[in-house]
Amino acid sequence: MLTNAPRGTKDILPSDVYKWRYVEEKFMNICGRYNYKEIRTPTFEHTELFLRGVGETTDIVNKEMYTFEDKGGRSITLKPEGTAPVVRALIENNIYAQQQPSKFFYAIPAFRYEKPQSGRQREFHQFGVEAFGSGDSAIDAEVIALAVNFLGGLGIKGLKLHINSVGCPKCRNRYNQALREYLKPKLKDLCSDCKVRFEKNPMRVLDCKIDGAKLTDAPLMLDYLCDDCKAHFESLQEYLKVLGIDYVIDPKIVRGLDYYTKTAFEIVSSNKSSQGTVCGGGRYDGLVAECGGPDIPGMGFGLGIERLLNVMEANNVKIPAPPKLGLYIAPIGEKGKKNAQKMLYTLRNMGISAESDYLGRSIKAQMKYANKLDANYVIVIGDNEIQNNLAEVKRMSDGSTVSVTLDESGIKTIKDMIGGSTDDGSTR
RNA sequence: GUGGGUGUAGUUCAGUUGGCUAGAGCGCCAGGUUGUGGCCCUGGAGGUCGUGGGUUCGAGCCCCACUACCCACCCCA
């Protein structure tokens with residue numbers, strides 16, 4: 001226990017962190033281009049926000065929330081998704097009173113008490129985007145385009161965009177009624193899961209792996225859309241066509257959160273059998289009002305970062321390696337060490353990434369070490385060098401060396417040689 | 001919540017029908033000329049064989065329980 005991370009959580013080690021940084025940066029860049037602004041919300045919220053915002057009939061609320069009572073007796077929940085907190089922030093800070101639309105993006109950890117498996121953890125991470133204040137289907141297309149664009153820009157192939165419309169409360173009720181009537185006589189032959197689905201969310205019955213196949217003549221939501229929803233769905237498709245974004249209509253997309261209206265979409269990976277959904281989202285026109293705000297519409301998505309990284313791995317997408325170490329300073333003896341420490345400090349201040357010995361290794365061991373560290377250059381500083389005020393800087397790639405003095409001008413030479421310092425102080 | 005699989009050095013794995021000090025590759029450390037890496041060679045450290053019971057003269061190998069991880073279902077990112 002002591003030495004195990006809690007079930008369903010994972011350390012992200014230095015050997016992987018650069019991949020996270022890479023996709024985070026890409027995501028932030030593209031959000032900037034689409035004029036979405038970053039928002040950061042708390043890691044935990046009042047439980048009632050999710051009860052209301054996610055929906056009391058959902059699996060998330062019913063069995064997956066990390067809920068606890070804090071010392072003040074408040075019921076607190078680690079956020080299981082990103083939309084409800086943003087909606088809360090929108091309302092609390094009166095952002096809806098400013099010019100619209102309000103467009104946000106975020107990168108968050110999310111928590112769901114589930115049994116972990118491939119592509120599913122208890123703490124996972126997602127990118128998200130939310131656009132409030134416009135019911136225009138062009139915003140739906142923009143949000144979808146952002147996701148498609150982002151994933152495409154990473155060089156991932158084999159992703160498919162699935163879209164659907166789940167209607168509005170009016171037409172969905174009409175549809176659910178029709179569907180229940182259709183299912184009712186068949187109910188006794190359906191699996192036990194479907195009997196539950198019949199009550200909770202009959203649309204899911206159509207997607208059942210056991211029963212779905214024998215229900216081919218079931219009524220479809222798309223045939224029950226009201227005029228408004230129908231027009232919205234059609235114009236969304238027109239926009240997608242204008243943008244040249246391929247899609248398939250998938251009437252089975254239901255989405256697990258109660259708040260979705262009209263547009264629902266998923267981006268799924270074809271090379272992954274389960275947990276292939278990398279990104280899922282849709283429109284939620286009733287949510288802000290449901291949470292106690294004004295009646296304004298919204299549209300957004302969540303994109304699983306772990307799943308994204310998995311898909312990238314499967315696609316052999318190459319991620320630029322982190323910068324190499326600029327210089328390794330190998331001291332010999334006590335005087336050498338003092339000199340080395342001083343040089344380290346100076347060069348680091350000049351923006352060079354540098355490392356030295358702290359284990360008293362032999363010179364040979366230090367060279368091996370420098371090689372392991374993948375250092376671009378090595379300089380040895382011992383009694384000889386100090387006495388002569390002259391040292392060799394060795395380029396590890398080809399073994400060539402350059403003599404430098406150990407004074408200020410020598411340091412300057414080293415700096416210029418290694419050059420190319422970046423903001424984080426390392427070199428490429 | 002349901003079902004399946006796995007658990008041997010840091011790591012990837014071997015360990016024959018249960019039988020003598022539990023092995024290998026990689027990694028790590030140290031040597032192979034006195035102060036210079038990558039290749040090669042040599043040596044070394046490192047394992048309560050997931051945990052606890054049981055069967056047996058004897059268990060890493062068999063049985064039970066627990067636990068952890070992996071995978072699938074449900075559902076979702």
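Chain naming here is simple, since letters A, B, ... match the order of the sequence lines and numbering starts at 1 in each. Please read these numbers as outputs of a predicted model, since none were measured by experiment.
- A 3.5 Å limit on both hydrogen-bonding distances identifies no Watson-Crick or G-U partner for B/C75.
- Evaluation of atom-type donor-acceptor distances gives no pair under 3.5 Å for the side chain of A/N371 against the base of B/G38.
- Both the sub-6.0 Å distance and the 45° axial angle are not jointly satisfied by A/R283 relative to the ring of A/Y260.
- A/R122 comes within 4.0 angstrom of nothing in the nucleic acid, heavy atoms only.
- Residue-level contact check: A/E123 touches neither bases nor backbone, having no heavy atom under 4.0 Å from any strand.
- Pairing partner, B/U36: none, since no Watson-Crick or wobble contact has both distances short of 3.5 Å.
- Of all nucleotides present, only B/A30 satisfies the Watson-Crick or G-U wobble test against B/U42, with each distance under 3.5 Å.
- Residue A/N384 places a side-chain atom within donor-acceptor reach of the base of B/G35, judged by atom type and a 3.5 Å distance cut-off alone.
- Here B/G47 sits opposite no nucleotide as a Watson-Crick or G-U wobble pair (both hydrogen-bonding atom distances under 3.5 Å).
- Heavy atoms of A/E114 sit under 4.0 angstrom from at least one base atom.
- Donor-acceptor pairing under 3.5 Å, judged by distance alone, is absent between the side chain of A/K364 and the base of B/G37.
- For A/R307 against B/C76, a side-chain N or O and a base N or O form a donor-acceptor pair under 3.5 Å.
- Using a 4.0 Å heavy-atom distance criterion, A/Q366 is classed as making no nucleic acid contact.
- If you check distances only, the side chain of A/R112 does reach the base of B/A77 with a donor-acceptor pair under 3.5 Å.
- Pairing of B/U67, defined by two Watson-Crick or G-U wobble distances under 3.5 Å, is identified with B/G7.
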Problem - A/Y328/A/Y369 under ring pair (Phe, Tyr, Trp, His ring centres under 6.0 Å): CA gap, chis, key distance, verdict - result: CA-CA 9 Å; A/Y328 179 83; A/Y369 180 50; 5.6 Å; yes
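- No engagement by A/G128 is indicated, since no non-hydrogen atom pair under 4.0 Å with the nucleic acid exists.
- Remark: aromatic rings of A/F27 and A/F105 are close, center separation under 6.0 Å.
- No contact: A/T401 has no heavy atom under 4.0 Å from any strand.
- Counting non-hydrogen atoms under 4.0 angstrom, A/K115 reaches a base of the nucleic acid.
- Among the protein residues, A/V378 comes within range of no part of the nucleic acid, since none of its heavy atoms lies under 4.0 Å from any strand.
- If you check every strand for non-hydrogen atoms under 4.0 Å, A/Q126 touches sugar and phosphate atoms only.
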